[in-house]
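A, B, ... follow the sequence lines: proteins, then strands. Residue 1 opens every chain. Predicted model, so just to flag it, every value in this text is computed and none were measured.
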There are 2 protein chains.
Amino acid sequence: MANRAKATIFDIAREAGVSKSTVSLVLQGSGLIRPETASKVRKAIEDVGYVYNRGAANLRKAHSNVIGMVINDLTNPFFAELAVGMERVFQSAGIVPFIANTAENPVRQEEVLKSLMEQGVAGLIVSPARGTTPGAFRRIETAGLPVVFAMRRLPESRIPVIAPDNHRGAYLATVHLIGKGHRRLVFFGGSSDLVVYHERLGGFREACQTQGIADRDALVVEGETSRRGGIACLETALAMAEPPTAALCFNDAVAFGAMLALRKRGLEPGVDFAIVGFDDVAEAEHYMPALTSVAVDSAGLGERAAHVMLKMIQSRTTRAEDHIGAVNLVVRESCGPDRRIRNRAVGLGSAA
Amino acid sequence: MANRAKATIFDIAREAGVSKSTVSLVLQGSGLIRPETASKVRKAIEDVGYVYNRGAANLRKAHSNVIGMVINDLTNPFFAELAVGMERVFQSAGIVPFIANTAENPVRQEEVLKSLMEQGVAGLIVSPARGTTPGAFRRIETAGLPVVFAMRRLPESRIPVIAPDNHRGAYLATVHLIGKGHRRLVFFGGSSDLVVYHERLGGFREACQTQGIADRDALVVEGETSRRGGIACLETALAMAEPPTAALCFNDAVAFGAMLALRKRGLEPGVDFAIVGFDDVAEAEHYMPALTSVAVDSAGLGERAAHVMLKMIQSRTTRAEDHIGAVNLVVRESCGPDRRIRNRAVGLGSAA
DNA sequence: TTGATTTATTGGAACGTTCCATTTAGTAGC
DNA sequence: GCTACTAAATGGAACGTTCCAATAAATCAA
């Protein structure tokens with residue numbers, strides 16, 4: 001069976017009574033080898049317990065078959081979905097994606113990127129960590145390695161981006177809320193170090209303006225982009241002299257937090273206060289009440305990002321077009337059952 | 001700045017006016033080099049835009065600094081947590097973990113394992129996909145590569161396992177339900193191709209027996225280990241001639257599904273029917289009602305698995321002791337507010 | 001001054017592949 | 001029987017590192 005020391009193609013060659021070159025050809029599935037010889041070699045490969053050394057091969061070969069995906073928060077199912085979408089595409093292209101988590105830490109991200117490069121990846125798909133410094137990708141760019149950003153972008157970067165249409169999503173959601181009769185709205189969660197925040201907030205503001213909501217009735221409460229952040233945001237909003245009656249939340253986690261906080265105060269989400277989330281994670285559909293949310297199709301964006309990456313690798317370029325994914329508002333119950341909410345919400349709004 | 005072709009240590013050497021060996025020594029942080037020389041070299045490294053080629057280095061060096069983690073379902077936050085726990089440990093050991101997802105697909109798993117091995121990983125931490133064939137790890141074992149299983153085990157394997165005490169967790173949860181006065185119980189979700197299923201079901205059965213519940217009152221409904229599966233299980237259970245009044249669920253997802261289905265039927269989880277989950281994912285705490293669940297500390301298990309792996313690599317062995325992690329029941333609201341449920345539950349039980 | 005010792009640097013031979021240029025056999029054409 | 005070709009297999013030179021043994025330069029002891 002297997003020997004202690006790692007078997008090489010020389011061991012296979014000896015076992016099969018051929019030369020190392022022949023073995024190499026067989027490994028690559030070359031048609032130049034006589035079938036009987038090939039199967040003799042394949043048997044030897046089994047017998048010596050050989051494992052291919054890709055590192056050695058990459059020394060000569062132009063490019064490797066692994067690409068790195070760097071994700072800022074793997075515990076967020078939203079990003080996990082993104083990863084899964086990419087995997088689907090890469091798998092069928094014979095490429096193995098290695099995932100690394102940065103846990104939203106730029107220092108960790110630096111290490112991870114370095115390691116991936118050293119490993120000789122063919123390309124990188126990155127959802128950059130919050131607080132990534134502008135220069136973080138310079139080394140990679142000068143190395144000529146294809147990179148695409150997914151979900152998030154960096155302020156000044158020329159690296160192609162695959163992301164949902166955050167502005168439009170927020171716009172749609174806000175119009176929906178205003179259409180339900182709300183006249184004093186709030187944007188919950190997020191902070192200005194994220195480009196995504198500005199995009200979503202921008203959509204919110206534009207909708208308010210075009211729908212005739214005064215600026216002083218379009219409130220903003222920054223906060224963590226988590227359940228906990230959502231709870232805090234809601235507390236802050238209801239403590240205002242003139243509280244809003246509806247909130248667009250930075251993401252679904254914030255929305256869940258806000259709904260939780262409403263319940264704690266004896267208020268019913270969708271009846272006493274309208275909530276819209278963003279991302280439409282799987283949980284949104286199953287929540288009580290089911291959360292109205294902006295669906296961004298993260299798995300689809302992951303697939304798209306993977307395709308772009310494949311193109312870039314294939315045409316050995318480092319440039320590509322941005323891709324802004326369509327979004328759509330999934331209306332469920334958290335803004336009230338259609339018209340009925342209108343009166344309640346308006347009532348509460350004017351009562352406050 | 002950077003040249004087109006990849007820079008090597010020879011380029012650095014030329015730039016700095018030293019030999020390749022000197023550069024190599026600097027890269028490894030050897031103290032043999034005069035500090036001024038070292039900084040001259042480091043400057044050259046920057047100037048030529050060098051990226052270290054670990055593949056080439058591994059050709060000579062004994063072992064690499066990357067370990068692979070193979071996860072069966074990354075979209076399950078439970079497994080994502082496990083990954084995050086491992087990462088914490090490896091990071092401080094200067095090891096980079098690459099994560100690969102198998103999406104519960106044994107074929108995909110095979111590919112992923114192969115790829116990781118070819119990449120020359122120093123070890124493998126695996127949460128095996130459902131339906132993994134007994135021989136799937138033979139190649140890896142004969143290659144002498146350290147492997148540990150996390151969360152799940154294979155029926156016959158001698159590979160060390162890091163997993164929670166499933167039997168005890170299920171036992172504790174069941175005793176809790178019985179203590180609340182339930183006399184007809186059901187185990188929801190999972191299927192017998194998973195070792196974990198047998199462990200948890202075993203704990204459930206043992207608790208029933210020791211607490212004097214007749215076998216015919218300890219029901220089992222198999223099903224998907226997802227929200228959807230939980231919904232189906234509950235429907236099945238309530239359709240029985242003599243329905244149970246309490247359920248221990250295979251995991252939290254099943255529990256959420258069951259609670260959802262209860263609500264749809266106008267029944268209140270925790271009042272009309274008691275539910276216990278398993279895994280205690282973050283969501284459990286925030287659900288309405290908050291889910292009583294068996295906490296397994298997946299991040300902690302991840303850390304433990306990482307430590308075991310480090311030991312194995314260090315002592316170049318392929319054997320290690322199993323580690324069964326402590327569990328504890330986190331009592332929340334889904335089995336009713338302490339005693340009060342008792343009467344209701346018993347009442348419903350005898351009425352049915 | 002000479003040799004011994006220490007400190008800093010260096011050349012060369014691996015490591016396990018790929019790929020090009022050859023060689024070797026076998027087959028056809030004339 | 002000779003050349004020309006094709007098919008199959010092979011040797012050798014890379015690829016970018018590490019590490020050992022060797023060298024060169026500087027310091028010290030006598």
Rounded to whole Å, please give me the gap between [atom1] in [X] and [atom2] in [N].
X: Arg60(B); N: dC15(D); atom1: CZ; atom2: P; value: 18 Å
X: Ile12(B); N: dG16(D); atom1: CD1; atom2: P; value: 12 Å
X: Glu36(B); N: dA8(C); atom1: CD; atom2: P; value: 10 Å
X: Gln119(B); N: dG16(C); atom1: CD; atom2: P; value: 17 Å
X: Leu25(B); N: dA21(D); atom1: CG; atom2: C1'; value: 14 Å
X: Lys40(B); N: dA8(C); atom1: NZ; atom2: C1'; value: 12 Å
X: Phe10(B); N: dT18(D); atom1: CZ; atom2: C1'; value: 11 Å
X: Gln28(A); N: dT17(C); atom1: CD; atom2: P; value: 11 Å

Are [X] and [Y] within salt-bridge range, i.e. N to O under 4.0 Å?
X: Glu104(A); Y: Arg152(A); value: yes
X: Arg138(A); Y: Glu141(A); value: no
X: Glu199(A); Y: Arg153(A); value: yes

Query raised in the report: Should Thr22(B) be listed as having a side-chain N or O under 4.0 Å from OP1 or OP2 of dT9(C)?
Result: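 For Thr22(B), the contact criterion (side-chain N or O under 4.0 Å from OP1 or OP2 of dT9(C)) is not met.
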Query raised in the report: At under 4.0 Å, does any side-chain N or O of Ser24(B) touch on OP1 or OP2 of dT18(D)?
Result: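 Affirmative; the distance criterion is met.
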Query raised in the report: Between Leu32(B) and Tyr50(A), who's closer to the 5' end of DNA chain C by nearest nucleotide?
Result: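 Counting from the 5' end, the first nearest nucleotide belongs to Leu32(B).
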Requested in this report: Name the residue closer to the 5' end of DNA chain C, choosing between Asn58(A) and Leu59(B) according to the nucleotide with the nearest heavy atom.
Outcome: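 The 5'-side residue here is Leu59(B).
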So [X], base contact, sugar-phosphate only, or nothing? Heavy-atom distance under 4.0 Å.
X: Ile33(B); value: sugar-phosphate
X: Tyr52(B); value: sugar-phosphate
X: Leu27(A); value: nothing

Report task. Considering non-hydrogen atoms only, spot the tightest contact between Ser92(B) and Val89(B) and give its length. Result ->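 Between these two residues, the closest heavy atoms are OG-O, 2.9 Å.
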Report summary line: Closest non-hydrogen contact found for Ile159(B) with Asp322(B) is O-OD1, 4.4 Å
Report task. Give a yes or no on whether a donor-acceptor pair under 3.5 Å exists between the nucleobase atoms of dA8(D), that is its base, and the side chain of Arg34(A). Result ->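 There is none.
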Requested in this report: Check if the side chain of Ser21(A) and the base of dG11(D) share a donor-acceptor pair of N or O atoms closer than 3.5 Å.
Outcome: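 For Ser21(A), whose side chain was compared with the base of dG11(D), there is a donor-acceptor pair (under 3.5 Å).
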Query - Options dT17(D), dC19(D), dG16(C), nucleotide nearest the side-chain atoms of Ala56(A) - result: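 Nucleotide nearest to Ala56(A)'s side chain: dG16(C).
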Requested in this report: Please determine, for the side chain of Ser19(B), which listed nucleotide (dA9(D), dG16(C), dG11(C)) has the closest atom?
Outcome: dG11(C)
